*Asks:* 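Have a look at this one before I ask anything.
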Amino acid sequence: MIPVTKPYLPNREKLDQYINGIYERGWLTNNGPLVQELTRRLEEYLGVENLLLVGNGTLALQIAYRALGVSGGSITEKPSEAITTPFTYIATASSLKWEGVEPIFVDIDAQTWCLNPANIEVAITSATKAIVPVHVFGNTCEVEAIDRIAEQHDLKVIYDGAHAFGVTYKGESLLKHGDATTLSFHATKLFHSIEGGAIIFKHKADLERARRMINFGLASPEEIVDVGINAKMSEFQAAMGLCVLDEIDENLKARAEVWYNYEAAFKSTAQLQFRHSYISCNYSYFPLLLESEADIKLAMRNLENKQIQSRRYFYPCLNDVMEHQGEKNAVPIARDISNRIMCLPIYSGLAIDQVEEIIQTIKAGCDK
Ligand SMILES: *Cc1c(COP(=O)(O)O)cnc(C)c1O
């Protein structure tokens with residue numbers, strides 16, 4: 001059986017050494033030395049500042065909304081709104097709901113599959129507090145246009161960068177854009193710490209507020225200055241993260257080989273995501289857009305018959321499944337793409353002859 005994704009397992013002896021250290025210190029969580037080391041190493045690797053490690057990528061989003069004042073206030077207050085994409089993983093939108101913010105879905109661009117800035121601008125109302133774009137499949141949103149709209153309308157921008165680990169934009173980290181960018185370090189992501197996540201803030205003051213928030217709002221053991229929650233990363237998660245980071249180059253190389261094989265096979269027969277030349281690719285996903293939903297279903301059935309897993313990412317379109325207050329915007333492009341897209345298996349350890357089998361299975365189905 002070929003899974004659609006497989007968690008990266010780093011060298012076991014190295015992980016054991018880190019765990020021995022945890023046993024010697026007896027320091028298991030609460031901003032321990034491994035969490036501090038991983039914070040420094042990630043800032044250096046990604047080329048960013050003000051990075052805060054948290055328990056998972058969904059909490060990263062929630063803490064970012066809180067720290068930036070986007071989360072809903074009292075029940076008598078008009079609910080706040082955030083403009084976001086319906087073409088993403090459910091966590092982008094459900095985290096908003098969880099924080100008392102109404103997700104307002106607007107349509108994506110038909111080529112990049114990221115939010116179309118022109119649609120953002122027309123959806124802004126007096127209740128809008130934030131824009132929550134997603135760098136979907138590691139492709140970059142139009143960050144300059146979005147940052148400009150946010151500035152003009154005094155809105156916060158929180159990028160969901162769960163797919164964009166290590167991606168650069170015009171030679172610099174993509175993750176520096178917006179008031180905050182969040183990352184997910186879930187086991188199935190390119191870089192992982194079993195469960196985990198991070199927030200990269202533009203301003204140090206927001207980082208400091210968020211740092212208190214993830215530890216019950218404490219400024220010191222006897223000083224409670226904010227309403228907080230527990231969203232801390234543990235030393236065991238950080239140990240895994242450090243080991244995975246050590247091997248990230250090998251991981252990327254193996255994924256790239258798979259990715260380029262798929263690209264060569266499908267670039268003239270299927271529609272691939274359009275990527276600007278000034279962004280880098282992290283080979284996280286290989287999404288494939290076919291002619292119709294029937295084609296997707298057929299391809300998936302053919303793959304399944306050969307014990308190959310694929311996934312309809314992202315389906316269904318969130319505009320169709322999330323409860324809404326008020327009127328919905330039409331999102332025909334997102335719905336259309338959701339209906340006829342799938343992601344192919346990609347992970348380090350997927351053999352090239354298996355990739356070839358996947359390609360041939362899909363192509364054989366398309367010819368019929
Ligand atoms: C994985 C993912 C999340 C959630 O991250 P977790 O670490 O699983 O909580 C959020 N948004 C997107 C786009 C994701 O792919």
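Because the structure is predicted, anything quoted here is derived from the model rather than measured. Read the numbers this way: they start at 1 and go in the same order the structure lists the ligands and their atoms.
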*Asks:* Evaluate the ring planes of His276 and Phe274, with Trp represented by its six-membered ring, and classify them as parallel (under 30°), tilted (30 to 60°) or perpendicular (over 60°).
*Replies:* perpendicular
*Asks:* Between Lys176 and Glu172 (salt bridge meaning N to carboxylate O under 4.0 Å), is one present in this structure?
*Replies:*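 Yes, charged N to carboxylate O under 4.0 Å.
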*Asks:* Which protein residues have a heavy atom closer than 4.0 Å to any atom of ligand 1, listed by chain and number?
*Replies:*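 Within 4.0 Å of ligand 1, protein side: Asn56, Gly57, Thr58, Thr88, Tyr89, Ala91, Thr92, Asp160, Ala162, His163, Ser184, His186, Lys189, Gly196.
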*Asks:* Are more than 12 heavy atoms, taken from residues, nucleotides or ligands other than Gln152, located less than 6.0 Å from that residue's CD atom?
*Replies:* yes
*Asks:* Using 4.0 Å as the upper bound for N to carboxylate O, is an ion pair formed by Lys170 and Glu144?
*Replies:*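 Looking at Lys170 together with Glu144, the answer is yes, because their closest N to O distance falls below 4.0 Å.
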*Asks:* Measure the CG-CZ distance between Leu289 and Arg340 for me, rounded to the nearest 0.5 Å.
*Replies:*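 Those atoms lie 4.0 Å apart.
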*Asks:* Between Asp147 and Tyr159, is any side-chain donor less than 3.5 angstrom from a side-chain acceptor?
*Replies:* yes
